[in-house]
**Student:** 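Have a look at this one before I ask anything.
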Amino acid sequence: MISKAQVIQPFLPATLTPGERAEAFAPSNIALCKYWGKRDKELNLPINASLSVSLAHLGSRTRITPALDGADHVLLNGTELTVDSSFSRKVIAFVDLFRGALAQPLIIDTHNNIPTAAGLASSASGFAALMLALDQFYGLQLAPEQLSAFARMGSGSASRSIFTGFVEWQMGNREDGMDSHAVQLPATWPELRIGLVKVATGEKKVDSRAGMQRTVETAHLYQSWPLQAAADLTRLHDAIVEHNFELLGATAEQNALSMHATMIASWPPLLYWQPESVAAMQQVWALREQGVPVYFTMDAGPNLKLLFTAEHESVLSAAFPGLEVVAPFGQP
Ligand code: DP6
């Protein structure tokens, strides 16, 4: 197995020249075709390609400055964390891949503006923002595909948060994973809206990383997942090119439910849904029967993300009180 450091090393200059200050933003993203299952756990290489839409202004902003007191400092949303907290350890391990022998202590300050109530994962935008900030701080001048491949090593879904709009993470087949990176799709969809439905917040018992591993190892149903994902990816490309909202929404919803089916078929079973999640799904289906084109997707948690277009925003905001609406391509 190749290590992260072995993959990154050839892309770093012989001598690093740290800057004075770097700051970068990366958006959060919602997958319409999910990444679920790895062929390489060290490098986060996926078993299937995935496709997402980035959440515009919602995401993470990371600032890097030199620490003058000889020790690393990790801050999250304005609060300094202890260096042995799980967040700090992940951040420092990632930074170590780049600063190498220089071992210069740093202040790494991250702010997430993702509404915590929406229960959205912040590891995707967090590692993407950290990667962009490191690139700036050390003047690495990495290409977008390289930034994406390296962000992937922090968290798979971070590979997609390097880009805005519709993004495809190509699975690649190289052992070092350098062809497993995201690319931005040229299409835009100004009327597209994503609604964040809060069902529950708080730490999940089984995170995505452990959940996908358990699914791959114990669910026979998982064998059908790569086939489903490949077919959905093609349908999503068609939907985007044809601007066919029903096809986009229906494909994303079926893809999410298929992923959840593999989770439920794991042992011990993984059911991320709460009774309120199921109630919200039934409400989406009822609204569709009434002629409102709305679909949902869900990640490894109880919250729903609704897909709809701008003209139906008021109906959906009334149906789902507290709905947080995002325009991924900006307001038309
Ligand atoms: C269900 O990217 O969090 O949200 O690579 O282990 O860090 P690691 O996993 P992560 O998994 C995200 C899984 C998902 C689907 C998706 O975003 O594609």
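Numbers for residues simply follow the sequence, beginning at 1. All ligand and atom numbering here is 1-based and tracks the order in the structure. Since this is a predicted model, take the numbers as computed values, not measurements.
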**Student:** Looking at Asn44, which atoms of ligand 1 are within less than 4.0 Å of one of its heavy atoms?
**Tutor:** 5 (O)
**Student:** Geometry only, no angles: is Ser50 polar-contacting ligand 1 at N/O separations under 3.5 Å?
**Tutor:** no
**Student:** Under a 4.0 Å heavy-atom limit, does Ser208 contact ligand 1 with its side chain, its backbone, both, or neither?
**Tutor:** side chain
**Student:** With no hydrogens and no angle check, just 3.5 Å: does a side-chain donor-acceptor pair link Glu42 and Ser3?
**Tutor:** no
**Student:** So is there a nitrogen or oxygen of Gly156 less than 3.5 Å from a nitrogen or oxygen in ligand 1?
**Tutor:** yes
**Student:** Among Gln254, Met259, Lys34, exactly one meets side-chain contact (heavy atoms from CB on, under 4.5 Å) together with Gln228. Which residue is that?
**Tutor:** Gln254
**Student:** Report yes or no: does a heavy atom of Lys38 sit under 4.0 Å from some atom of ligand 1?
**Tutor:** yes
**Student:** What part of Arg152, side chain from CB on, backbone N/CA/C/O, both or neither, has a heavy atom under 4.0 Å from ligand 1?
**Tutor:** neither
**Student:** What about Ser157: any of its N or O atoms under 3.5 Å from an N or O on ligand 1?
**Tutor:** yes
**Student:** For the hydrophobic clusters of this structure (ILVMFWY residues joined by side-chain heavy atoms under 4.5 Å, transitively), does one cluster hold both Leu192 and Leu247?
**Tutor:** no
**Student:** Any idea how Tyr272 and His260 line up, ring-wise: parallel (<30°), tilted (30 to 60°), or perpendicular (>60°)?
**Tutor:** perpendicular
**Student:** Any idea how Trp189 and Phe245 line up, ring-wise: parallel (<30°), tilted (30 to 60°), or perpendicular (>60°)?
**Tutor:** perpendicular
**Student:** Report yes if Asn29 has an N/O atom closer than 3.5 Å to an N/O atom of ligand 1; otherwise report no.
**Tutor:** no
**Student:** With distance as the sole test, does Ser180 use its side chain to make a donor-acceptor pair with the main-chain N or O of Met171 at under 3.5 Å?
**Tutor:** yes
**Student:** Flag yes if more than 12 heavy atoms outside Lys38 fall under 6.0 Å of its NZ atom; otherwise flag no.
**Tutor:** yes
**Student:** Relative to ligand 1, is Arg160 under 4.0 angstrom through side chain, backbone, both or neither, heavy atoms considered?
**Tutor:** side chain
